[in-house]
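For reference, the structure is listed below as structure tokens.
Read the numbers this way: they start at 1 and go in the same order the structure lists the ligands and their atoms.
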Amino acid sequence: MPADPAETGRDILARADALARHSDSPDHYTRTWLSPAHRAAAAQLAAWMREAGMSVRTDGAGSVIGRYEGATPGAKAIVTGSHFDSVRNGGRYDGVLGILVPLACVAGLSRRGERLAHAVEVVAFADEEGARFQTSFLASRAFLGRFDPALRERRDAGGVGFDEAMREAGLDPEAIAANPRDPATIAAYVEVHIEQGPVLLDEGLALGVVTAIAGGTRHRVRVAGAAGHAGTVPMAMRRDALAAAAEMVSAVETRAKAAANLVGTVGLLEVKDGTGNVIPGEASFTVDLRSGEDAVREAAERDVFAAFDAIARRRGVAVESRRTHAVRATACSPRLQEALAAAVASLGLPVRRLPSGAGHDAMVLAEAVEAAMLFVRCGAGGVSHHPAETVSAGDAGLAAAALGAFLRSPGVPAA
Ligand SMILES: [Zn+2]
């Protein structure tokens with residue numbers, strides 16, 4: 001690939017286009033774990049890695065791993081990568097950008113015959129979204145030997161079993177997490193990813209340094225009041241479950257807006273036996289709270305549920321809730337954040353730090369090694385997991401330049 005960042009960026013986007021043609025559907029871009037299109041994409045990635053001077057292997061979960069040796073063969077590696085599976089009808093840069101950007105960097109090193117103090121490994125994780133077997137982070141977990149064997153009982157929407165799908169793809173289900181990668185051989189993990197949100201776009205910035213990957217909780221809340229005739233029960237005598245729930249939904253929004261680094265969403269609201277001429281007797285809804293700081297989220301959670309209780313008391317309805325999902329926040333390595341910030345600044349760009357609201361393979365890697373992330377501006381209003389997802393060639397080129405600077409920077413752990 002050429003040395004000019006804009007040209008590098010154009011090449012990266014052209015490769016994303018080429019890779020998106022390996023899709024499970026002729027109508028839109030969907031690539032699920034071990035489908036024929038997924039395997040063809042893996043073969044293409046392996047070919048590009050070899051072309052960039054890397055030795056290539058495939059691990060037990062089908063991830064493609066390219067290694068570019070450092071000055072001393074066998075040195076610890078900076079591992080960088082992302083996933084090449086997609087959600088159904090997704091966007092072509094989610095995950096893939098984090099493979100193609102480092103590939104461009106290694107191609108540059110290889111072209112110049114340059115060897116760094118450490119090895120560079122590009123990992124194309126085979127499954128992160130988990131659209132086929134409703135898994136999450138399957139490949140990065142398997143990479144570290146943290147695969148959950150219970151997943152092997154699952155079947156896909158077409159009735160194909162997990163083991164069967166693996167065998168069909170020439171993989172051994174017994175060996176999916178055999179030979180886990182020893183974290184001691186990894187100097188650091190860094191993941192380039194599109195932001196999947198509108199913050200960088202809104203501020204006119206190409207790149208961002210991720211501070212933490214947000215943790216989150218989800219609750220299911222049920223409000224019980226009293227059903228009644230919409231015509232005969234006077235307003236003062238009502239115990240309307242939906243009116244109470246509506247106030248609670250507003251309470252979530254108000255509380256989430258009151259803190260920086262916190263988002264709160266009610267994405268589902270149901271009225272039991274709802275009909276136009278009956279006072280709602282029961283309503284239920286979900287509450288999704290996320291923050292890069294667990295303490296911020298936990299405080300919001302306490303406030304929100306205290307507000308629910310107060311609303312319920314005042315309105316004479318009952319409220320109960322059940323937690324259905326909880327993930328703690330993952331802080332990015334301060335040292336690697338500094339090195340990424342210096343790399344971004346070395347391009348003459350302002351350094352914007354921001355948390356990631358979405359989960360990424362870096363969360364799994366961070367359990368074992370120092371990890372960090374570089375965000376790239378998302379076009380089209382910041383939309384992602386959608387065909388309208390875009391990245392500009394200029395931004396992709398800047399991401400490659402920043403990652404290249406990072407790989408050479410003194411703040412990065414050496415071999
Ligand atoms: Zn992704």
N/O/S from H193 sitting under 2.8 Å away from the Zn ion (ligand 1):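 So H193 counts as coordinating the Zn ion (ligand 1), yes.
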The Zn ion (ligand 1) to nearest N/O/S of D94 below 2.8 Å: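 It does; at least one qualifying atom falls short of 2.8 Å.
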Sequence-distant partners of H22, ring-ring contact (aromatic ring centres under 6.0 Å, His included), two or more places apart: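 Applying ring-ring contact (aromatic ring centres under 6.0 Å, His included) to H22 gives none.
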Close aromatic pair by centroid cut-off 6.0 Å: F285 and F308: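 That pair passes the under 6.0 Å test.
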Ring geometry between H360 and F375 (parallel below 30°, tilted from 30 to 60°, perpendicular above 60°):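 Perpendicular.
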Distance-minimising heavy-atom pair for C378 and V383: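 Between these two residues, the closest heavy atoms are SG-O, 3.5 Å.
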Name, closest N/O/S atom of H83 to the Zn ion (ligand 1):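 Closest N, O or S atom of H83 to the Zn ion (ligand 1): NE2.
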